[in-house]
Asks: 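First the structure, which I've put down as structure tokens, then a few questions once you've had a look.
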Amino acid sequence: MEWITLTIDGRTVTVPKGTTVLEACRMNEIPIPTLCHDPELSSYGSCRLCIVEIEGMRNLPPSCVTQATQGMVVRTQTTKVRDSRKTILELLVANHPLDCMTCQKMGDCDLAKYAYEYRVTGELFKGGERRHLPLDDSNPFILRDANKCILCGKCVRACEEVQGRSVLDFSFRGFHAQVGPAFNLPYSESECVFCGSCVSVCPVGALTEKKMVGQGRPWEVEKVQTTCPFCGTGCNFDLNVKDGKVIGVTSNPEAPVNGKALCVKGRFGMDLIHNSERLTTPLIKKDGEFVEATWDEAMDLVAQKLGEVKQEHGADAISVLSSARCTNEENFLMQKLARAVIGTNNIDHCART
Amino acid sequence: MKTLLDPCCDRCTHTPETPCRDYVRCLTEGPICHDDPACKAEKQRLLKEIKPNEENQQIFVCTGTGCASCGAHNIVDSLNEEINHQGLANTVNVVPTGCHGFCEQGPTLIIEPRQILYTLVKPDDVAEIVQKEFVEGERVERLLYVDPLTNQPATTFANANFFAKQTRVVLNNCGFINPEKIEDYIARDGYKGLTNALQKMTPVEVIDEVKKSGLRGRGGAGFPTGLKWSFCRQAIGDKKYIICNADEGDPGAFMDRGVLEGDPHAVIEGMLIGAYAIGADEGYVYCRAEYPLAIKHLEIAIRQAEEVGLLGDNILNSGFNFHLFIRAGAGAFVCGEETALIASIEGKRGMPKVRPPFPAQSGLWGKPTNNNNVETWANVPHILRNGADRYAQFGTEKSKGTKIFALTGKVNNTGLAEVPMGMTLRDIIFDIGGGIQNGKKFKAVQIGGPSGGCLPDEMLDLQVDYDTLTKAGAMVGSGGLVIMDETTCMVDIARFFLNFSQSESCGKCTPCREGTKRMWEILDRITKGEGKEEDLDNLEHLAVVVKETSLCGLGQNAPNPVLSALKYFRPEFEAHIRDKNCPAHVCSALMTYSIDPDKCKKCGLCAKSCPSGCISGDKKTPYQIDVAACIKCGTCADVCKFGAVIRA
């Protein structure tokens with residue numbers, strides 16, 4: 001690997017060739033604010049918050065899309081840079097509802113974080129026009145408040161690049177630019193499959209998990225990393241647990257299999273955990289009615305019935321269908337049961353077709 | 001009837017499938033492949049039919065968009081009718097052409113070979129023109145152009161200051177050929193630049209020649225064209241594209257439209273030469289859909305070039321292939337930015353992308369792509385036809401060649417003027433443009449479109465070239481010159497241009513999307529008399545942030561009109577804020593209307609016209625305006641025949 005050396009804020013740092021200035025800064029724990037950057041998505045360079053001063057370059061180049069080069073001299077914290085970042089944040093805040101107290105994103109909002117850090121007051125452009133767009137409350141999973149959108153385009157890229165759906169894009173121009181499905185349709189009428197990738201990348205409260213609204217603040221929630229039980233892919237995510245109760249699921253960027261990506265079932269299908277109609281014991285039908293039974297009773301009954309079928313009609317009269325919700329290990333055990341215990345090769349799996 | 005394009009005899013074998021390398025030269029100097037005096041004579045006769053001479057007089061009627069909207073097509077019809085009626089059809093030919101550039105005086109027509117220019121022609125004038133010119137051999141004096149500088153009628157178009165001070169290289173054919181006929185272009189040395197390139201030069205030599213000419217991009221940025229081509233040539237790729245940016249969108253700029261409408265083959269020939277030099281075999285012209293005539297002429301030109309084998313495969317038996325397509329833009333200003341333009345051709349939303357990668361490495365559909373604008377491409381045939389040295393004799397040391405400017409606003413001669421780089425603004429506005437309308441005082445010129453700057457009186461002796469203008473806070477841009485007189489308010493103008501940039505911002509980057517909006521709001525406030533003392537500092541600060549942090553040229557240049565207006569006209573801003581006064585009497589909120597009792601003739605017209613009924617008086621009492629009820633619409637001042645209404 002080829003290495004290059006550059007100077008950032010007076011420090012000499014060495015990074016691999018091909019690194020952006022932003023990556024070089026982050027590798028060396030030099031903080032740079034970003035709203036539109038995500039290492040899992042393509043470079044976009046739209047929020048302009050990561051601007052820096054680079055000797056020999058005109059204007060203030062955005063570090064996220066500027067390649068670090070040998071001998072480059074970068075300054076990330078000059079008055080000019082900080083002042084410009086503050087102005088950009090003021091511009092965003094001037095067109096953003098300041099209902100942080102009731103916003104689901106409070107405590108986890110990047111805009112709020114940087115506004116605080118840069119001492120944004122919201123006074124500079126006070127009194128100017130603001131957007132008044134309707135809330136998209138059309139579906140059970142995702143709440144979309146376009147008034148909070150900062151048009152970083154992360155959701156657009158996540159939908160296109162991670163999920164391959166391209167449901168979201170920009171529409172209108174200038175101050176009236178918006179992000180949303182084609183023809184400004186609500187999510188429910190669009191081609192959205194509700195994977196929630198857009199929610200997982202949104203840096204502000206424009207896209208939130210609807211069922212988590214009002215259920216808990218980030219600092220009240222314990223994040224428990226787990227593997228999704230819905231299929232055998234092995235996606236990881238964080239169960240958000242408050243007072244011993246799962247209030248929802250959020251992506252865990254460190255998840256080795258899936259990163260931040262999940263499907264609708266994994267992200268939004270966890271309400272079964274605390275569902276009052278959830279089965280908690282086996283049921284055996286007696287006289288046409290399901291009656292609660294113990295696991296031993298249930299196992300014995302199944303073994304007895306299968307034994308009878310095998311004795312009367314042979315092992316090949318039985319077939320076994322396993323589930324994609326089982327892990328590979330469980331599926332292995334299932335075929336072992338079919339072949340070695342029952343004695344048939346009639347074993348199949350729902351995900352085979 | 002035989003045309004110049006038809007084979008002279010059976011011995012001619014040229015077709016698009018079996019192309020002849022000497023095809024273009026053959027049409028004007030041929031035949032080349034055989035020696036037959038009869039064939040030669042026939043070719044010369046057909047050539048003579050195209051070029052004007054005493055036996056074949058031609059009336060070039062401008063039917064460009066400007067003149068067509070003033071009824072030029074009726075004039076063509078009337079001329080044809082009258083010529084037939086007078087039995088002159090064998091000696092006089094009516095040619096509908098592209099723009100003469102003299103839009104203020106349209107419809108215009110030029111009679112060749114005598115170079116007579118008639119302006120503001122109406123269908124009723126046609127009979128008199130034909131009678132005098134072609135029967136009596138005299139002039140229709142009343143239709144001759146009277147130069148506002150000399151007050152003398154121009155005896156020929158070349159004598160009129162508007163034309164005399166121009167150097168027409170790119171516009172050489174505009175107005176003097178029928179743009180719907182490829183043979184007209186070929187008769188005026190068309191496609192000879194391409195022939196030179198294909199027959200005598202390697203691609204690298206073509207690039208070197210363009211480099212040597214000093215040609216720089218005419219779309220605004222002024223990047224050296226040859227150098228740009230070399231980047232794309234050197235890029236590694238199995239497929240390369242070239243693009244012609246015809247998404248001309250600056251308010252008041254219409255030179256690209258003029259070229260496409262009037263001389264589409266010049267653009268096609270330029271692109272062919274560029275494609276050969278770069279190694280591209282496919283090209284696109286991205287033209288805004290609001291230019292239907294330009295698109296129509298280009299479509300015809302492409303079809304004709306394909307029919308004679310100047311577009312397609314194995315062009316002029318050189319092994320070089322090139323196919324050209326048109327894409328009509330949907331009207332977004334930002335699509336003039338090349339990465340947004342490329343996205344739009346690909347069918348995506350026109351939004352600029354960050355560079356690198358530059359289009360030369362990864363452009364259209366991820367392939368190396370070279371993009372130049374219409375005027376740049378149209379310069380190329382001249383360089384290859386006559387050589388770089390001859391081209392480079394025009395212009396300044398660092399800005400070579402000529403530039404077309406679109407003169408608009410409060411200038412006498414609205415229109416297109418092509419001048420050598422380095423001419424002063426004063427010469428362009430006062431000599432070619434004929435000065436300011438109605439004898440008013442010049443105030444400022446907005447140069448370079450909505451992203452350019454407003455330059456005041458004291459900058460009029462500035463040489464117009466890329467580097468001088470940039471230094472002055474303006475830019476050549478696409479070459480729009482919006483001339484403003486003393487009745488223009490610079491705060492209002494800055495607000496107007498900001499409104500344009502804001503509406504046309506794609507919304508991608510924060511400073512352009514949100515910043516131009518807040519700048520507009522501050523300016524709007526000032527024009528309404530609600531400006532605060534700190535507004536100017538805030539405006540200037542925000543303008544600098546937008547300029548330095550925006551993603552593409554639109555955002556980076558959008559603050560230019562504001563910054564230049566603040567630099568050169570700051571007292572006018574201060575008057576709005578401190579004195580609540582608009583010195584140019586434009587900002588209606590800051591104006592008061594009153595009636596001078598001495599001048600009032602008590603006719604009552606003002607009171608009758610007043611929409612808010614706030615004027616009272618009678619035959620004995622001078623009329624008075626109730627200031628509190630006045631909505632400041634200015635109707636009273638407009639209708640008063642005695643100048644009794646005072647705007648202040």
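Being a predicted model, the structure only gives us computed values, none of them experimental. Proteins get letters first, then strands, A, B, ... in listed order; numbering begins at 1 in each.
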Asks: Check each atom of A:Y44 against the heavy atoms of chain B and say whether the ones under 4.5 Å are side chain, backbone, both or neither.
Replies: both
Asks: At a heavy-atom separation under 4.5 Å, does A:I150 approach chain B through its side chain, its backbone, both, or neither?
Replies: backbone
Asks: Where on A:L60 is there a heavy atom nearer than 4.5 Å to chain B: the side chain, the backbone, both, or neither?
Replies: both
Asks: Report, as yes or no, whether the 6.0 Å neighbourhood of atom CD on A:Q70 holds more than 12 heavy atoms from other residues, nucleotides or ligands.
Replies: yes
Asks: Between atom CD of B:Q502 and atom NE2 of A:H176, what is the distance when rounded to the nearest 0.5 Å?
Replies: 7.0 Å
Asks: Within the supplied structure, the quantity of interest is the number of heavy atoms (other residues, nucleotides, ligands) at a distance under 6.0 Å from A:E191 CD; does it exceed 12?
Replies: no
Asks: Using a 4.5 Å heavy-atom cutoff, which residues in residues 521-538 of chain B come close to chain A?
Replies: B:E521, B:N538
Asks: Under 4.5 Å heavy-atom distance to chain B, tell me which part of A:Q178 shows up: side chain, backbone, both or neither.
Replies: neither
Asks: If you count heavy-atom pairs under 4.5 Å between each of A:A177, A:S46, A:G153 and chain B, which one has the most?
Replies: A:S46
Asks: Please check if atom OH in A:Y116 has more than 12 non-hydrogen atoms from other residues, nucleotides or ligands closer than 6.0 Å.
Replies: no
Asks: Hey, is NZ on B:K580 packed in by over 12 heavy atoms from elsewhere, all under 6.0 Å?
Replies: yes
Asks: I need the B:E548 CD to A:R58 CZ distance, nearest 0.5 Å.
Replies: 10.5 Å
Asks: What part of A:S84 gets closer than 4.5 Å to chain B, counting heavy atoms only: side chain, backbone, both or neither?
Replies: both
Asks: Is the closest side-chain heavy-atom distance between B:H541 and A:D83 below 4.5 Å?
Replies: yes
Asks: Under 4.5 Å from any heavy atom of chain A, what part of B:K353 do you find: side chain, backbone, both or neither?
Replies: neither
Asks: In terms of heavy-atom pairs under 4.5 Å with chain A, which of B:L542, B:T549, B:V334 leads?
Replies: B:T549
Asks: If you look at every heavy atom in A:F170 and B:R349, which pair is closest and at what distance?
Replies: CB-NE, 3.3 Å
Asks: Taking non-hydrogen atoms and a cut-off under 4.5 angstrom, which of residues 503-519 of chain B neighbour chain A?
Replies: B:S503, B:E504, B:S505, B:C506, B:G507, B:K508, B:C509, B:T510, B:P511, B:R513, B:E514, B:G515, B:K517, B:R518
Asks: In terms of heavy-atom pairs under 4.5 Å with chain A, which of B:S550, B:P356, B:P352 leads?
Replies: B:S550
